[in-house]
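Beneath this line is the structure, given in structure tokens, with notes to follow.
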There are 4 protein chains.
Amino acid sequence: MERKKILSNVKNRELVMKRRNQMIKGAISLFKEKGFHRTTTREIAKESGFSIGTLYEYIRTKEDVLFLVCDSIYEQVKQRLELVIAKEVPSVKMLKNVVRAYFELMDEMQEEVLVMYQEVKSLEKEAQEYVLKKEREMVDMLKQVIESCLPEHNISDMDTELIANNIFIQGQMWGFRRWILQKQFKLDEYIDRQLFYLMRVLLIEE
Amino acid sequence: MERKKILSNVKNRELVMKRRNQMIKGAISLFKEKGFHRTTTREIAKESGFSIGTLYEYIRTKEDVLFLVCDSIYEQVKQRLELVIAKEVPSVKMLKNVVRAYFELMDEMQEEVLVMYQEVKSLEKEAQEYVLKKEREMVDMLKQVIESCLPEHNISDMDTELIANNIFIQGQMWGFRRWILQKQFKLDEYIDRQLFYLMRVLLIEE
Amino acid sequence: MERKKILSNVKNRELVMKRRNQMIKGAISLFKEKGFHRTTTREIAKESGFSIGTLYEYIRTKEDVLFLVCDSIYEQVKQRLELVIAKEVPSVKMLKNVVRAYFELMDEMQEEVLVMYQEVKSLEKEAQEYVLKKEREMVDMLKQVIESCLPEHNISDMDTELIANNIFIQGQMWGFRRWILQKQFKLDEYIDRQLFYLMRVLLIEE
Amino acid sequence: MERKKILSNVKNRELVMKRRNQMIKGAISLFKEKGFHRTTTREIAKESGFSIGTLYEYIRTKEDVLFLVCDSIYEQVKQRLELVIAKEVPSVKMLKNVVRAYFELMDEMQEEVLVMYQEVKSLEKEAQEYVLKKEREMVDMLKQVIESCLPEHNISDMDTELIANNIFIQGQMWGFRRWILQKQFKLDEYIDRQLFYLMRVLLIEE
DNA sequence: AATGAATGAGCCTTCATTCAT
DNA sequence: TATGAATGAAGGCTCATTCAT
């Protein structure tokens with residue numbers, strides 16, 4: 001997939017990657033705490049360990065930071081999921097493992113995901129679309145896992161889409177509805193029960 | 001439930017209500033368009049039909065407007081749902097009608113709900129908690145509907161909680177994941193399929 | 001002539017005029033001292049006697065101030081010249097009086113004119129054209145004076161244009177070449193000699 | 001005349017000259033386009049073909065560039081005029097040729113001259129005076145041409161000064177009042193008519 | 001009660017200049 | 001000599017909030 005390019009004054013590619021990673025790390029920690037709008041570029045620079053001038057050597061606008069953050073979060077999630085998928089052969093067991101891994105990942109990254117959900121809208125059109133495409137990719141990953149793990153099950157494509165979406169947001173829900181859910185469920189319980197009902201939905205007996 | 005009080009300089013209660021409704025209406029329309037942070041108090045005042053000075057006679061800070069908006073949205077949703085519930089006697093049919101009504105409501109109010117999801121975090125602690133309580137109330141409504149409609153089904157409380165939450169966010173998902181879902185489903189299809197799988201989850205045959 | 005409108009948040013027309021005059025006065029004094037680019041908006045606000053916030057209630061950008069200044073200078077010059085013209089009937093004497101008055105005016109306003117010459121280029125296209133039109137008007141005034149004062153002299157239109165332009169810039173030259181001219185001439189001497197040669201150019205004997 | 005020294009870290013004289021000429025060429029082209037203040041040192045470096053670090057090996061401040069540019073422009077004009085003067089013996093014809101050559105030169109270099117007029121004021125005192133001296137020299141050249149070409153004409157020194165100044169600015173006027181003049185005159189017409197009236201001023205019959 | 005002019009803290013961004021390599 | 005990454009002071013502008021009328 002074509003990667004949206006954020007322009008930088010600095011030419012050295014490695015340095016750009018290094019500084020941007022510093023930036024992303026600093027920014028995420030600030031966005032978690034106070035959101036995008038309440039975080040100033042100076043704070044981002046400071047938290048990243050360099051001056052405001054340096055910050056602007058690596059981006060063009062504050063929004064670029066948000067985009068970098070969103071992009072990085074999705075990239076991480078995607079890579080982690082791909083890792084799990086690569087480890088097994090398609091089967092019901094694999095399906096359950098992937099969903100479990102996804103839920104665990106959402107638990108680990110709940111703050112990052114929260115940030116994304118609340119701030120994507122602040123991105124300009126083009127960047128927003130890029131991020132949505134990333135999300136689309138992730139739902140597609142789940143869809144393919146379902147299809148490949150249940151080859152004979154004859155679920156319609158639309159239903160697979162629906163179920164994949166449901167799984168996707170059930171994962172996110174764990175993070176951004178934590179005030180409600182995490183009072184009543186431990187992560188494992190949550191995963192177990194969701195998997196239990198997923199099996200029912202897919203007519204899989206155990 | 002105790003209502004969080006927003007202070008106003010104006011004493012006439014009716015006038016306060018009238019002006020605040022103007023404000024909420026104006027603000028929602030602006031927040032939908034550009035979000036809370038990008039909307040200025042001047043714009044809210046203008047859209048509401050009065051001056052910036054007057055705006056500040058009825059609230060203390062810009063955040064108060066956001067709170068009023070969030071509160072109003074939940075209140076509307078809750079009232080609408082209660083109306084549907086009041087119309088029928090508990091039964092599987094009622095359960096399906098309530099869920100259907102809730103999904104339709106989320107379709108109607110998708111922009112309002114989107115606003116809320118993205119901006120609640122900007123509220124101060126206390127206001128945030130108030131809004132979360134409202135949400136809690138709504139999940140509880142769904143929970144009670146499930147329980148009263150399926151008295152003999154022996155679903156554990158935690159599972160009911162989980163299922164209610166799932167329904168709750170499946171409704172919201174329709175709105176804030178519209179870019180993905182509304183390309184592939186019509187509202188009715190979406191509702192039908194979700195209800196179909198809900199029946200499976202609840203072991204209800206038709 | 002259509003006046004280019006500078007937008008203001010403040011509605012009260014009289015107040016806008018009053019504040020803008022304060023602004024123009026303050027700005028001219030600063031521009032004289034350090035030029036447009038080296039003057040900050042904060043300084044303009046302070047010199048004008050109000051806060052930076054108030055400054056921006058009456059203009060949209062710093063450039064607006066420059067435009068206001070340029071516009072005001074031309075307007076003053078034009079009005080002063082019209083006054084002189086209105087006082088007499090066309091004749092060689094009147095021509096000399098107008099030219100003399102113009103030179104004296106340029107002496108009085110030499111700093112303002114200097115500012116204009118050096119900063120007009122900083123204006124955006126549209127504003128620049130507006131200012132150039134003003135200049136055009138002034139050359140036309142001189143042209144008409146020449147024509148009406150010397151009805152039988154049969155100077156071609158192009159030559160009148162040229163001579164009017166020469167007078168125009170000889171006036172400005174007194175101000176912005178002051179380092180050279182004002183070392184060697186007193187204002188009266190300068191005017192006398194320029195008038196002397198103007199008479200030769202126009203073939204008028206005295 | 002003593003040349004104002006711009007300090008350089010680099011010792012090799014030839015290299016300094018070479019790099020500075022690159023700089024002047026690059027800077028003039030940028031100043032023409034956007035003025036001194038809107039041009040950044042980075043842009044100057046890039047346009048000159050070297051890095052920002054290198055730029056600062058050959059100058060101390062951005063203003064130095066402006067000075068170098070102004071100095072170079074005057075030097076060019078002066079040299080070109082001297083060339084014309086050297087080619088002929090003093091006579092009315094020579095006077096006309098010099099004036100014509102000067103006007104043609106001003107046409108060729110109108111953008112450079114415009115730059116100078118609008119930016120000299122940004123120079124610091126000392127540099128400004130140096131540039132003004134250059135201008136003084138040029139007026140003196142014109143003065144001497146008039147005197148040597150019209151030995152018996154008995155024009156007072158002050159009048160010669162005045163006339164030389166008038167010629168000087170009529171030349172510049174062609175460039176920086178181009179929006180008005182160049183709509184109505186072709187260069188040749190402009191020169192012809194100015195020369196025609198100059199002859200009248202000097203009482204020379206043809 | 002309503003108005004809207006005034007305020008100024010604070011934000012994003014730029015850019016001349018330096019300095020380690 | 002040449003490079004270009006780093007710096008941070010400073011600038012233009014916004015906007016929530018106040019207060020005199």
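Everything numeric here is computed off the predicted structure, so don't read it as measured data. Proteins come first, then strands; the chains are lettered A, B, ... in the order of their sequence lines, and each starts at number 1.
Straight-line distance from the CG atom of A:Asn12 to the C1' atom of F:dG4: 10 Å, rounded to whole Å. Rounded to a whole Å, the CD atom of B:Glu63 is 9 Å from the P atom of F:dT17. The distance from atom CG of A:Leu15 to atom C1' of E:dA20 is 14 Å, rounded to the nearest whole Å. For B:Lys11 and E:dA1, the NZ to P distance is 8 Å, given to the nearest whole Å. Following rounding to the nearest Å, C:Ile59 (CD1) and E:dA5 (C1') show an atom-to-atom distance of 16 Å. Straight-line distance from the CZ atom of D:Phe36 to the C1' atom of E:dA16: 10 Å, rounded to whole Å. Atom OH of A:Tyr58 is separated from atom P of E:dT14 by 16 Å (rounded to the nearest Å).
Between C:Tyr117 and D:Phe176, the ring-plane angle classifies as perpendicular under the 30° and 60° cut-offs.
Pair check for E:dA20 finds F:dT3; Watson-Crick or G-U wobble, both atom distances under 3.5 Å. The nucleotide F:dG8 finds its pairing partner in E:dC15, both defining distances of the Watson-Crick or G-U wobble pair being shorter than 3.5 Å. Pairing partner, E:dA1: none, since no Watson-Crick or wobble contact has both distances short of 3.5 Å.
Residue-level contact check: A:Arg38 touches neither bases nor backbone, having no heavy atom under 4.0 Å from any strand. Nucleic acid contact class of C:Asn9 (heavy atoms, under 4.0 Å, all strands): sugar-phosphate only. Residue C:Thr39 is classed as a sugar-phosphate contact, given heavy-atom separations below 4.0 Å to backbone atoms only.
The pair C:Glu63-C:Lys121 fails the salt-bridge criterion, with no side-chain N (NZ, NE, NH1 or NH2) lying under 4.0 Å from an Asp/Glu carboxylate O.
In the displayed structure, D:Lys34 atom NZ is contacted under 6.0 Å by more than 12 heavy atoms of other residues, nucleotides or ligands.
Taking the centre and axis of the six-membered ring of B:Phe36, the NZ or CZ atom of B:Lys62 falls inside the cone set by 45° and 6.0 Å. D:Tyr74 does not carry D:Lys133 over the face of its six-membered ring by the limits of under 6.0 Å from the centre and within 45° of the normal.
The side chain of C:Tyr56 has F:dC13 as its nearest neighbour among F:dC13, E:dA6, E:dT13.
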Set out, line by line, the N/O atom pairs under 3.5 Å between protein and nucleotides 7-10 of chain F.
residue	atom	partner	partner atom	Å
F:dT7	OP2	A:Ser51	N	3.3
F:dT7	OP2	A:Ser51	OG	3.4
F:dT7	OP2	A:Thr54	OG1	2.7
F:dG8	N7	A:Gly53	N	3.1
F:dA10	N6	A:Arg42	NH2	2.6

